[in-house]
Amino acid sequence: MPRIFSGIQPSGSVHLGNYLGALRNWVSEQHEADCYYSIVDLHAITAEHNPEALRDATKELATTLFAIGLDPDISCLFVQSHVPEHAQLAWIMESTVTFGELSRMTQFKDKGRGEEKVRASLFTYPALMAADILLYRTDKVPVGDDQRQHIELARDAAARFNNAYGEVFTVPESMIPKVGARVMDLQNPLKKMSKSSSSDAGLIYLNEDPSRIAKKIKRAVTDTENKVAYEPTNPAKAGVSNLLEIYSALTSIPPEDAADRFSNYGALKSELAEIVIEHLTVIQSRIKDISGDPSELLRLLKIGAAKARATASSTLSDAKSAIGFLAP
Ligand code: ATP
Ligand code: LTN
């Protein structure tokens, strides 16, 4: 069976972009692969954060991941900081990738904006992400389109390490869906929907109240043409193209065909709202059930961490030996 690894940051509530771009694939891959999924709290401290909010977000995220269908009997779900091997291999990865490579990462350029005060860990973040993936000798990494460049770096790091010190790591491949890989902000359709966005008016959260979902979709920015057309490369049509893309991801109707079904934006928005709400209410009722038993949640995360450590420690030990560290 192929091995799958992916991660998500506990940096805010899960939104429709996370779900359509990545998490839906996490669930569907469970039966096809040996899956390891991580709540990457080490990554979440690369930006300013509040300790209590981080703890709460970690529990909320674990609840949501089980609610969307991750099965603890099949998949391994764990919190990254519970597995210290991640931080240890990250140091080795920082000594494998270069300053030049890290400087070219567009996420750092976007989020860091050249500011002095940006945390050093935001710069080295892709080395930690490479460590996450390589520790599990991962074949495939289900992610949204924004992570493509980071996975390329993980591939380069694996190949470079293997070349220099001997075959330790599997060279991973990204797994990016055809539709839904880049869900855009409903208020600013030129920007991706993001947990750390400054306003939540353009985000739909999985756990959002149906009436708010309907309102947000109704107020989604489009254009004045009122012509429903899927033109993803035309910035003037970014808003309506994004709505069609979400519609397509939830119905499996290609976005071009979906466009032919609607004569105006109002009709598209009201049907889309219905479909989104229908999908999310199922998840929301599971979130409620799981939230009723917080100690069970912690128990499952403990089991996940133990399983993850068993795999991660074996790879780390091979990497340490290959790079020339003396065995203790
Ligand atoms: P942050 O703003 O804190 O970086 P985020 O919303 O980008 O958060 P992540 O935790 O970074 O979310 O990403 C989790 C997964 O969701 C990743 O695989 C990422 O590629 C995917 N993802 C994030 N945003 C989108 C989006 N707008 N469309 C599709 N996939 C997305
Ligand atoms: N950088 C990713 C989260 C992440 C990840 C990973 C994804 C951290 N480690 C390993 C896939 C594999 C993000 O911000 N979306």
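First listed ligand is number 1; within each ligand, the first listed atom is number 1.
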**Prompt:** Does the pair D223 and K237 meet the rule for a salt bridge (charged side-chain N to carboxylate O under 4.0 Å, His left out), with working shown?
**Reply:** CA-CA 7 Å; D223 54 87; K237 286 295 207 189; 3.4 Å; yes
**ligand 2 versus L128: contacting region, heavy-atom distance under 4.0 Å** = neither
**Asked** Who's the nearest protein heavy-atom neighbour of atom 3 (O) of ligand 1, and how far?
**Response** S11 OG, 2.8 Å
**Asked** Out of Y37, Y36, F169, which residue meets the ring-ring contact (aromatic ring centres under 6.0 Å, His included) rule with Y136?
**Response** Y36
**Asked** Can you tell which part of M184 has a heavy atom less than 4.0 Å from ligand 1: side chain, backbone, both or neither?
**Response** neither
**Message:** Treating E173 as the side-chain partner and K140 as the backbone partner, does any N or O pair qualify as donor plus acceptor under 3.5 Å?
**Reply:** no
**Complete:** Taking only non-hydrogen atoms of H15 and a 4.0 Å limit, the atoms of ligand 1 in range are 6 (O), 24 (N)
**Message:** Suppose I only count heavy atoms of F5 and a 4.0 Å limit; which atoms of ligand 2 are within that range?
**Reply:** 10 (C), 12 (C)
**Request:** Flag N18 as yes when one of its N or O atoms lies below 3.5 Å from any N or O atom of ligand 1, and as no otherwise.
**Result:** yes
**Donor-acceptor pair, side chain of T138 and main chain of I133, under 3.5 angstrom** = yes
**Asked** For ligand 2, which part of V143 has a heavy atom less than 4.0 Å away: the side chain, the backbone, both, or neither?
**Response** side chain
**Message:** Just to be sure I read this right, does ligand 1 sit under 4.0 Å from the backbone of R182, its side chain, both, or neither, counting only heavy atoms?
**Reply:** backbone
**Item:** Donor on one side chain, acceptor on other, Q147 and S174, under 3.5 Å
**Value:** no
**Stepwise salt bridge (charged side-chain N to carboxylate O under 4.0 Å, His left out) test for R148 and D145** = CA-CA 6 Å; R148 203 184 281 275; D145 184 65; 2.8 Å; yes
**Item:** Pair Y247 + Y230: ring centers closer than 6.0 Å
**Value:** no
**Message:** Using heavy atoms and a 4.0 Å limit, tell me yes or no: is Q107 in contact with ligand 1?
**Reply:** no
**Message:** Below 3.5 Å, N or O to N or O, backbone or side chain included: is there any such pair between V183 and ligand 1?
**Reply:** yes
**Message:** Students should be able to answer this: which protein heavy-atom is nearest to atom 3 (C) of ligand 2, and at what distance?
**Reply:** G7 O, 3.7 Å
**Item:** Enumerated ligand 2 atoms positioned under 4.0 Å from heavy atoms of V141
**Value:** 11 (C), 12 (C)
**Message:** Suppose we measure from atom 15 (N) of ligand 2 to each protein heavy atom; which comes out shortest, and what is that distance?
**Reply:** Q147 NE2, 3.1 Å
**Request:** Give a yes or no on whether the backbone of Q284 and the side-chain of N207 come within a donor-acceptor separation of less than 3.5 Å.
**Result:** no
**Complete:** Between V179 and S248, the two heavy atoms sitting closest are CG1-OG, 3.7 Å
**Request:** Among all protein heavy atoms, pick out the one at the shortest distance from atom 1 (P) of ligand 1; state its residue, atom name and that distance to 0.1 Å.
**Result:** S196 OG, 3.4 Å
**Prompt:** Any N or O on A22 sitting closer than 3.5 Å to an N or O of ligand 1?
**Reply:** no
**Interfacing atoms of ligand 1 (cut-off 4.0 Å, heavy-atom, M193)** = 24 (N), 25 (C), 26 (C), 27 (N)
**Request:** Indicate yes or no for a side-chain donor-acceptor contact from N264 to the backbone of A267 under 3.5 Å, with no hydrogens or angles considered.
**Result:** yes
**Request:** Of the side chain and backbone of D146, name the one, both, or neither that has a heavy atom under 4.0 Å from an atom of ligand 1.
**Result:** side chain
**Item:** Ion pair check, R104 and E152, cut-off under 4.0 Å
**Value:** no
**Message:** Looking only at protein heavy atoms, which one is nearest to atom 9 (P) of ligand 1, and what is the separation?
**Reply:** K195 NZ, 3.4 Å
**Asked** For atom 24 (N) of ligand 1, which protein heavy atom lies nearest, and how many Å away is it?
**Response** K192 NZ, 2.9 Å
**Item:** A44 contact mode with ligand 1 (heavy-atom cut-off under 4.0 Å)
**Value:** neither
**Item:** Donor-acceptor side-chain pairing of Q187 and S199 below 3.5 angstrom
**Value:** no
**Request:** List the atom of I213, the atom of L280, and the distance in Å for their closest heavy-atom pair.
**Result:** CD1-CD1, 3.9 Å
**Request:** Indicate whether any N or O donor in one side chain lies under 3.5 Å from an N or O acceptor in the other, for S38 and Q80.
**Result:** no
**Asked** Would you say K191 has more than 12 foreign heavy atoms packed within less than 6.0 Å of its NZ?
**Response** yes
**Option nearest atom 8 (C) of ligand 2 (shortest heavy-atom distance, choices H86, H43, Q107, H150)** = H43
**Request:** Have a look at ligand 1 and work out which part of K111, if any, has a heavy atom under 4.0 Å from it: side chain, backbone, both or neither.
**Result:** side chain
**Message:** Any carboxylate oxygen within less than 4.0 angstrom of a Lys/Arg side-chain nitrogen, looking at D139 and R3?
**Reply:** no
**Message:** If we set the cut-off at 4.0 Å for heavy atoms, which region of S194 has an atom near ligand 1: side chain, backbone, both, or neither?
**Reply:** both
**Request:** For V40, take its heavy atoms, then give the atoms of ligand 2 lying under 4.0 Å from any of them.
**Result:** 8 (C), 9 (N)
**Proximal ligand 1 atoms for G180, defined as those under 4.0 Å from one of its heavy atoms** = 29 (C)
**Item:** Nearest neighbour in protein (non-hydrogen) for atom 11 (O) of ligand 1
**Value:** Q9 NE2, 3.6 Å
**Item:** Test of proximity, Q147 against ligand 1: N or O pairs below 3.5 Å
**Value:** no
**Prompt:** Which atoms of ligand 2 are found less than 4.0 Å from any heavy atom of Q9?
**Reply:** 14 (O)
**Request:** Determine, considering heavy atoms only, which of P177, G12, G21, G17 sits nearest to atom 31 (C) of ligand 1.
**Result:** G17
**Asked** Is it true that atom CD of E296 has more than 12 heavy atoms of other residues, nucleotides or ligands lying nearer than 6.0 Å?
**Response** yes
**Prompt:** Between K192 and D110, is there a salt bridge with N-O shorter than 4.0 Å?
**Reply:** no
**Item:** Residue and atom name of the nearest protein heavy atom (relative to atom 9 (N) of ligand 2), distance in Å to one decimal
**Value:** D132 OD2, 2.7 Å
**Asked** What's the shortest distance from atom 1 (N) of ligand 2 to any protein heavy atom, and which residue and atom give it?
**Response** Y125 OH, 2.6 Å
